[in-house]
Number of protein chains: 2
Amino acid sequence: MISLTEENYLKALFNLANHAGEVNVNELSKQLSIKMPTVTSMMKKLAEKKLVHYESYKPLRLTEKGKKEAGLVIRKHRLTEMFLVDKMGFGWEEVHDIAEQVEHVRSVVFFDKIDELLGFPKIDPHGAPIPDKNGKFAWIAYDKLSDCHAGETVRVSAVIHTSSEFLKFLNNREIRLGTKIKIKSVESFDGSMVVSYDNRSADTLSHTVCERLLVEKE
Amino acid sequence: MISLTEENYLKALFNLANHAGEVNVNELSKQLSIKMPTVTSMMKKLAEKKLVHYESYKPLRLTEKGKKEAGLVIRKHRLTEMFLVDKMGFGWEEVHDIAEQVEHVRSVVFFDKIDELLGFPKIDPHGAPIPDKNGKFAWIAYDKLSDCHAGETVRVSAVIHTSSEFLKFLNNREIRLGTKIKIKSVESFDGSMVVSYDNRSADTLSHTVCERLLVEKE
DNA sequence: CTACGATGTTAGATATACCTAACAAAATGT
DNA sequence: ACATTTTGTTAGGTATATCTAACATCGTAG
């Protein structure tokens with residue numbers, strides 16, 4: 001049995017390990033707003049449960065079992081977010097905090113039903129992939145808008161949604177998943193981009209914004 | 001701030017106090033499957049928080065504040081049950097355990113949205129009243145079927161749903177909220193009733209069943 | 001290459017929510 | 001009315017999850 005607290009550690013480990021595969025105690029501590037000694041002792045506990053590989057002073061790594069369990073928590077989180085948006089009418093900027101709580105519900109049928117009612121979605125409202133029932137992710141490689149060039153036309157496929165402020169900003173600009181963006185020019189000194197989309201012929205997006213928009217080239 | 005555990009104690013206190021207004025430590029202990037000493041110490045804690053009136057060796061009583069908080073938890077529980085049945089397609093026998101978990105979600109907008117999507121329901125799928133946003137109950141006085149007499153025609157308005165087995169039994173007999181029952185005779189020696197309803201011309205219901213069906217006379 | 005800052009661990013304390021064992025009070029039955 | 005059973009409390013212990021303070025190791029900059 002994995003406690004609610006342990007679920008949160010696994011989820012954070014997975015999210016931080018996204019690219020590198022390894023995580024520091026310090027990073028994890030900051031992510032969870034939990035002091036380092038507490039993190040160290042939890043890592044020892046999770047190591048005993050064969051959920052993480054832990055050795056003193058070495059970076060943390062999820063075991064296969066740990067990845068699976070983390071995937072299942074993230075599955076519950078993302079299915080919940082999708083349900084809140086698609087079936088309950090919440091905005092994509094409102095759902096993270098609610099899903100953070102609902103994800104800890106222990107009922108397989110509950111999430112299976114959500115999955116079914118949604119038609120077995122593959123991505124959440126922010127474009128992030130929903131792991132399958134074994135906790136496995138179908139990774140999709142997107143480009144950051146900030147890595148694209150003038151003249152290219154791209155489609156917004158996912159957003160990095162660390163803050164609801166960013167999502168509200170996108171709401172104001174009427175940028176959503178699927179929005180087709182044409183890059184008119186890139187300012188080399190600050191990385192900001194002049195783009196057009198829908199009926200906005202010239203809008204400027206800062207580098208900070210462009211880094212958080214994940215796109216596919218047409 | 002009221003913890004998840006405290007919420008469970010308040011809910012149990014309210015449910016047991018339904019009629020009497022007073023509850024024993026022993027009763028509460030059995031209801032929650034928590035040993036008496038633990039209950040005693042929790043009562044002292046809840047008394048400090050002004051949620052219960054507690055004196056050694058005296059029966060337990062919720063304060064007004066305690067009743068309100070208990071009402072709010074029960075509101076969340078019953079709104080969840082209604083949502084699970086009406087909007088997600090679960091059976092009334094499946095929803096208690098799921099609602100037991102979802103009720104602890106701390107998000108006012110989440111439950112407000114559920115309330116709105118359901119059209120501000122006054123009763124849950126078992127006919128129990130849903131408290132208002134101040135935790136206040138609109139009490140409805142029903143009769144037990146077991147207190148009715150031969151010749152009377154009644155309508156099922158609520159069920160006492162301590163076990164999902166009872167609800168499955170009612171499913172098999174096709175008895176639901178709203179079913180109109182005609183009492184043909186009452187066996188005086190065991191209190192069982194011969195009744196007719198829908199297209200069942202003569203069905204026998206044991207006293208145990210009749211005690212758990214709450215009805216309104218036509 | 002050593003010293004210092006960043007990172008990580010150990011030790012010991014706290015709060016919550018549970019337990020058992022032992023004792024105390026209340027209720028009950030003959 | 002007193003002995004017994006039921007109910008309730010006290011005392012002390014455990015597990016989880018957190019903290020601070022002090023110490024240890026690592027990595028790097030001078």
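Convention: sequence-line order gives letters A, B, ...; per-chain numbering from 1.
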Inset, instruction - Determine, using ring centers only, whether B/H104 and A/H104 are less than 6.0 Å apart. - result: no
Legend entry - Phosphate-side-chain proximity, A/N24 and C/dG8, N/O vs OP1/OP2 below 4.0 Å: yes
Inset, instruction - Would you kindly give the CG-to-P distance between B/L28 and D/dT6, to the nearest whole Å? - result: 20 Å
Legend entry - Whole angstrom value for the distance that separates C1' of D/dG8 from CD1 of B/I34: 16 Å
Inset, instruction - Figure out the CE/C1' separation between B/M42 and D/dG8, and round it to whole Å. - result: 17 Å
Legend entry - Listed nucleotide nearest any side-chain atom of A/E6, set C/dT7, D/dA17, D/dT9: D/dA17
Legend entry - Nearest-neighbour nucleotide for the B/Y9 side chain, C/dC18, C/dT9, D/dA11 considered: C/dC18
Inset, instruction - Determine the contact category for B/K44: base if any of its heavy atoms lies under 4.0 Å from a base atom, sugar-phosphate if only primed atoms, P, OP1 or OP2 are that close, otherwise nothing. - result: sugar-phosphate
Legend entry - Nucleotide of C/dA17, D/dA17, D/dT18 approaching A/K45 most closely (side-chain heavy atoms): D/dA17
Legend entry - Rounded interatomic separation in angstrom, taking NZ from B/K35 and P from D/dT10: 19 Å
Inset, instruction - May I ask you to evaluate whether B/S56 reaches the phosphate of D/dG8, defined as a side-chain N or O under 4.0 Å from OP1 or OP2? - result: no
Legend entry - Ring-face cation of A/K44 near A/Y54 (centre distance under 6.0 Å, axis angle within 45°): no
Legend entry - Test of ring centre spacing under 6.0 Å for A/F14 and A/F137: yes
Legend entry - Presence of salt bridge, B/E81 and B/R78, under 4.0 angstrom: no
Legend entry - N-O pairing of B/E27 and B/K30 below 4.0 Å: no
Inset, instruction - Check the distance between C/dC18's P and B/M36's CE and give it to me in whole angstrom. - result: 16 Å
Inset, instruction - Calculate the interatomic distance between A/N26 atom CG and D/dC26 atom C1'; express it in whole Å. - result: 13 Å
Legend entry - Under-4.0 Å side-chain N/O to phosphate OP1/OP2 contact, A/T38 with D/dA17: no
Inset, instruction - Mind calculating the distance between CE (A/M43) and P (D/dT18) to the nearest angstrom? - result: 10 Å
Inset, instruction - Figure out the CE/P separation between A/M1 and D/dA17, and round it to whole Å. - result: 12 Å
Inset, instruction - Report yes if at least one side-chain N or O of A/Y57 is closer than 4.0 Å to OP1 or OP2 of C/dT10; otherwise report no. - result: no
Inset, instruction - Indicate whether OP1 or OP2 belonging to C/dT9 is found under 4.0 Å from a side-chain N or O atom of A/Y54. - result: yes
Inset, instruction - Return no unless some side-chain N or O of A/S41 is found under 4.0 Å from OP1 or OP2 of C/dT9. - result: no
